[in-house]
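Owing to the predicted nature of the structure, the values given are computational and were not obtained by experimental measurement. Numbering of ligands and ligand atoms starts at 1, following listing order.
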Amino acid sequence: MWRGLRPPNTEEGRRVLNRFDILTLFPAMFQGPLHESILRRAQDKGLVTIGVHDLRTWTHDRHHVVDDVPYGGGAGMVLKPEPVFEAVEALRGGFDSTVVALTPQGLPFSQRLASELAHLSHVILLCGRYEGFDDRIPQGLHALEVSIGDFVLSGGEIPALVLLDATVRLIPGVLGDETSALSDSFATGLLEHPHYTRPPTFRGMAVPPILLSGDHQAIARWRRKQALRRTRERRPDLLGLTSLSDLDRELLTEIEMEGAHAKRASRDIES
Ligand code: JD8
């Protein structure tokens, strides 16, 4: 029986451990990002443990070879299965582990996937290099393949850091203010409204006067309208997916009418 405070990471009585193990040929790439800001604080608070492991630890030859030429020919090298399988078997250590391989062929990473990973007790992240993994690696390890986007990177390390940053901040207790993870863009399905701080005028650019009015209800309405306006202008693909309230529909109608008015005014000036 637990006396006093509940043990860390047992919020719902399910999470017994929050552990990430990263398997990489470039462990030094993680030393900056994992030891600053939110990721550092999450580890310092004991909310998550992140291990970084050099894949060459699991080689047995004097030159620590992890790659080989591709069957079928072609340029570049492919990561050999043996060291990766040995490493994953060592890191699993009896936990209920999920293996994630960062590859360009993977499932597109998203806020939804981050929130699912945040509930897992142990995630092993495989970072490839060169031309990538021998395909028996993701196959045989039942790895979930994840991609962070449709652009070409040199390896899986930066994608692993992106996944960690997005995921760890969703673990309960990591953010000081629990509400900020929920109000974040993508969590709400809309882009954020613009933010301002002092001074009230900077190089001729004034802060929108409503933000200085002290009318909190008017400010909330203005911010919601700005969020809708920006999403409509910059990411109309997101608008379709969000559930809009009656107020949202009213605000969008206002935005559309302002747009129609501005078009008519500029046409009148031009002619
Ligand atoms: C892992 C090797 C480089 C990939 C030849 C360039 C993810 N969104 C993403 N873009 N790129 C990657 C990624 C790239 C990787 C490896 C992830 C391992 N490369 C290769 C194939 C073509 N080079 C990624 N997640």
(request) Check whether any side-chain N or O of R19 sits under 3.5 Å from a backbone N or O of T49 as a donor-acceptor pair, and report yes or no. (result) no
(request) Enumerate the protein residues lying less than 4.0 Å from ligand 1, judged by heavy-atom distances, in chain and residue-number order. (result)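 Residues near ligand 1: L102, T103, P104, G128, R129, Y130, E131, V146, S147, I148, G149, F151, V152, L153, S154, G155, G156, P159.
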Please tabulate, for side-chain N and O atoms in residues 30-43, each donor-acceptor pair with protein atoms closer than 3.5 Å (sequence neighbours left out).
{"residue": "Q31", "atom": "OE1", "partner": "H35", "partner atom": "ND1", "Å": "3.3"}
{"residue": "H35", "atom": "ND1", "partner": "Q31", "partner atom": "O", "Å": "2.9"}
{"residue": "R40", "atom": "NH1", "partner": "H35", "partner atom": "O", "Å": "2.9"}
{"residue": "Q43", "atom": "NE2", "partner": "L34", "partner atom": "O", "Å": "2.8"}
{"residue": "Q43", "atom": "NE2", "partner": "L39", "partner atom": "O", "Å": "2.9"}

N/O donor to acceptor pairs below 3.5 angstrom from side-chain atoms of residues 67-88, sequence neighbours left out:
{"residue": "E86", "atom": "OE1", "partner": "H60", "partner atom": "NE2", "Å": "3.0"}
{"residue": "E86", "atom": "OE2", "partner": "H60", "partner atom": "NE2", "Å": "3.0"}

Return a table of donor-acceptor pairs under 3.5 angstrom between the side chains of residues 123-135 and protein atoms on other chains or two or more places apart.
{"residue": "R129", "atom": "NE", "partner": "E157", "partner atom": "OE1", "Å": "2.9"}
{"residue": "R129", "atom": "NH2", "partner": "E157", "partner atom": "OE1", "Å": "3.0"}
{"residue": "D134", "atom": "OD1", "partner": "R136", "partner atom": "N", "Å": "2.9"}
{"residue": "D134", "atom": "OD1", "partner": "R136", "partner atom": "NE", "Å": "3.0"}
{"residue": "D134", "atom": "OD2", "partner": "R136", "partner atom": "NE", "Å": "3.4"}
{"residue": "D134", "atom": "OD2", "partner": "R136", "partner atom": "NH2", "Å": "2.7"}

(request) Indicate if L107 and L117 have the same hydrophobic cluster label, given that clusters are the connected sets of ILVMFWY residues with side-chain heavy-atom separations under 4.5 angstrom. (result) yes
(request) Could you please spell out the steps behind the side chain to side chain donor-acceptor pair (under 3.5 Å) verdict for T57 and D54? (result) CA-CA 6 Å; T57 305; D54 190 332; 5.1 Å; no
